[in-house]
Amino acid sequence: MRILVMDGSATGTQARAVIACLVLGDDGVLSVLATREATGRGAAEQFPLLATELFAQCGWTHVMPELVGVVVGPGSFTGLRASLAFAHGLAAGSGCAVMGMTGGEAMADALRHLARQQAARPVCCTVARRGRVFVEMLADGDGAESVSAHMLDMLELPPGPLLLAGNAAEDVAQALSLRMDVRTCNLMQPDPVGIATVALRRFRGHLPPRAAQPLYVDAPEAKLPAAGLRPAPTDTP
C-alpha cells in the first residue's frame, strides 16, 4: 500500500511542516521512501509543490497514493486547513481514503512507551498563539484523550508524574518549574511512521473514527454582525 502523510499543525516562525511517502510491505512493515520539510509561517501551504517533488522522486503520480494520513490538530489554523484541503483534494482526484489524527495520537506509541518506563502519564504539549499552549492528555491505553488550551502563566495540570512531549514541552515544564513530578522528553513532533501507523489503524477500524477536519480547540474569534446577517438573495423574475 502506498501512503502519503502530512503534518502541517505546527505554528509560528519556528513551524516545521512535514510530508512523506511511505509503503506498507507484504511483511506489514512501513518504509519511508522520501520526506520533505518546510519551515516558518505558511509552511503547510507548500505541500502541493513538495508532494509533486516527492511523487517524482518515488515514481508516483498524484493518483497513486492509496491512503493519506494527516494531522488534524491541535495547532496552526492556516496549516491545518491547508494540509487537510490538499489531502481531500487528492482523495477527490484519486479516490484514496483520508484518515485524520491528533498530534498526540500520532506520537502516542513512542510517548506511552517512555511514560511507562517512568510510571508517568503521557502529555503532548503544542505551541499556540499569544502565550498559550494546547495540552493533549493521553490515556495510558486506547482510551479517550482530552485536548484543551491554556495560558502559560495560569497553567494547571493534573497530579503527576507527567511526561511532556511536543514542541511546547519545555515551555510547559518551565511554567510548572515548582513541580517535581513533571519531566520532558525529546519527542517534539510526530514522525512519518507514527502518522502512517495511526492512519492504517483507523483505516482498518482498529481505532474509533475521527473526522478528517481541523480540530479547533479555541472558540471562533469571528463574531456575527450586531445587526445580524444579511437576508439570503432572492430570485428576480
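Any value given below was found using the heavy atoms of this structure, including those in side chains, with hydrogens, waters and symmetry copies removed.
Leu114 and Met188 sit in two unconnected hydrophobic clusters of ILVMFWY residues. Membership requires side-chain heavy atoms under 4.5 Å apart, directly or through other members. Residues Val147 and Val70 fall within the same hydrophobic cluster, defined by Ile, Leu, Val, Met, Phe, Trp and Tyr side chains chained together at heavy-atom separations under 4.5 Å. Linking ILVMFWY side-chain heavy atoms closer than 4.5 Å, directly or via other members, places Met1 and Leu22 in a single hydrophobic cluster. Cluster membership for Val18 and Leu90, using ILVMFWY side-chain heavy atoms within less than 4.5 angstrom, is not shared.
In this structure, Ser148 and His150 have side chains that are in contact, with non-hydrogen atoms separated by less than 4.5 Å. Taking the side chain as every heavy atom from C-beta outward, Thr102 and Arg210 approach each other to under 4.5 Å. Counting only heavy atoms from C-beta outward, the side chains of Leu54 and Thr52 never approach each other to under 4.5 Å. Taking the side chain as every heavy atom from C-beta outward, Gln213 and His88 approach each other to under 4.5 Å. With a 4.5 Å cut-off on side-chain heavy atoms, Leu164 and Arg183 do not count as touching. The shortest distance between side-chain heavy atoms of Glu136 and Val123 does not fall below 4.5 Å. At least one side-chain heavy atom of Ile195 sits less than 4.5 Å from a side-chain heavy atom of Met101. Inter-residue side-chain proximity for Leu163 and Thr184 is flagged as unmet; no heavy-atom pair is nearer than 4.5 Å.
Formation of a donor-acceptor pair under 3.5 Å by the Glu66 side chain with backbone atoms of Arg2 is found in this model. Of the possible polar contacts, none joining the His206 side chain to the Leu200 backbone as a donor-acceptor pair under 3.5 Å is found. Within the 3.5 Å criterion, the main-chain N or O of Gly100 finds a donor-acceptor partner in the side chain of Arg202. Listed for the Gln118 side chain is no donor-acceptor partner under 3.5 Å among the backbone atoms of Ala115. Here the side chain of Asp181 pairs no donor or acceptor atom with the backbone of Pro161 at under 3.5 angstrom.
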Report the C-alpha separation of Arg36 and Gln57 in whole Å, then their side-chain angles, then the decisive distance to 0.1 Å, and conclude whether the side-chain hydrogen bond (donor to acceptor under 3.5 Å, both in side chains) test is met.
CA-CA 11 Å; Arg36 291 288 188 279; Gln57 180 177 346; 2.9 Å; yes

Between Ser76 and Ser9, does a side-chain contact (heavy atoms from CB on, under 4.5 Å) hold up when you go through it step by step?
CA-CA 5 Å; Ser76 164; Ser9 61; over 6 Å; no

Should Asn167 and Thr126 be marked as a side-chain contact (heavy atoms from CB on, under 4.5 Å) after you check the CA-CA gap, both sets of side-chain angles, and the distance that decides it?
CA-CA 5 Å; Asn167 59 8; Thr126 305; 3.9 Å; yes

Check the pair Thr35, Ile19 against side-chain contact (heavy atoms from CB on, under 4.5 Å), reporting the backbone distance first and the verdict last.
CA-CA 6 Å; Thr35 304; Ile19 182 170; over 6 Å; no

Worked check of side-chain contact (heavy atoms from CB on, under 4.5 Å) between Leu157 and Val182:
CA-CA 10 Å; Leu157 292 183; Val182 175; 5.9 Å; no

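Screening Thr78, Leu80, Val127 for a side-chain contact (heavy atoms from CB on, under 4.5 Å) with Thr11, the sole residue that qualifies is Val127. If you run side-chain contact (heavy atoms from CB on, under 4.5 Å) between Val193 and each of Val29, Val5, Ile3, Val32, only Val32 comes through.
The heavy-atom pair separating Leu215 from Gly73 by the smallest distance is CD2-C, 4.0 Å. Summarising the geometry of Ala20 relative to Leu4, their closest heavy-atom pair is O-CD1, 3.3 Å, with the distance given to 0.1 Å. Residues Met99 and Ala199 approach most closely at CG-O, 3.5 Å, considering heavy atoms. Of all heavy-atom pairs spanning Pro214 and Leu84, the tightest one is N-CD1, 3.3 Å. The two residues Arg112 and Pro122 make their nearest non-hydrogen contact at CG-CG, 4.0 Å. Summarising the geometry of Ala106 relative to Val198, their closest heavy-atom pair is CA-CG2, 3.9 Å, with the distance given to 0.1 Å.
Sorted by first and then second residue, the pairs that involve residues 188-200 and meet side chain to side chain donor-acceptor pair (under 3.5 Å), not counting sequence neighbours, are Asp7-Gln189, Arg16-Gln189.
Between atom CZ of residue Arg121 and atom CG of residue Leu111 there is a gap of 11.5 Å, rounded to the nearest 0.5 Å. To the nearest 0.5 Å, atoms CD (Glu53) and SG (Cys21) are separated by 11.5 Å.
For the ring pair (Phe, Tyr, Trp, His ring centres under 6.0 Å) test, no residue two or more places apart in sequence or in another chain qualifies with Phe86.
Using cut-offs of 30° and 60° on the angle between ring planes, the pair Phe55 and His62 is perpendicular.
Crowding of Gln117 atom CD: a count of heavy atoms from other residues, nucleotides or ligands under 6.0 Å exceeding 12. For CG of Asp27, the number of neighbouring non-hydrogen atoms (other residues, nucleotides, ligands) closer than 6.0 Å is greater than 12.
Using a 4.0 Å cut-off between charged side-chain N and carboxylate O, Asp153 and Arg132 make no salt bridge.
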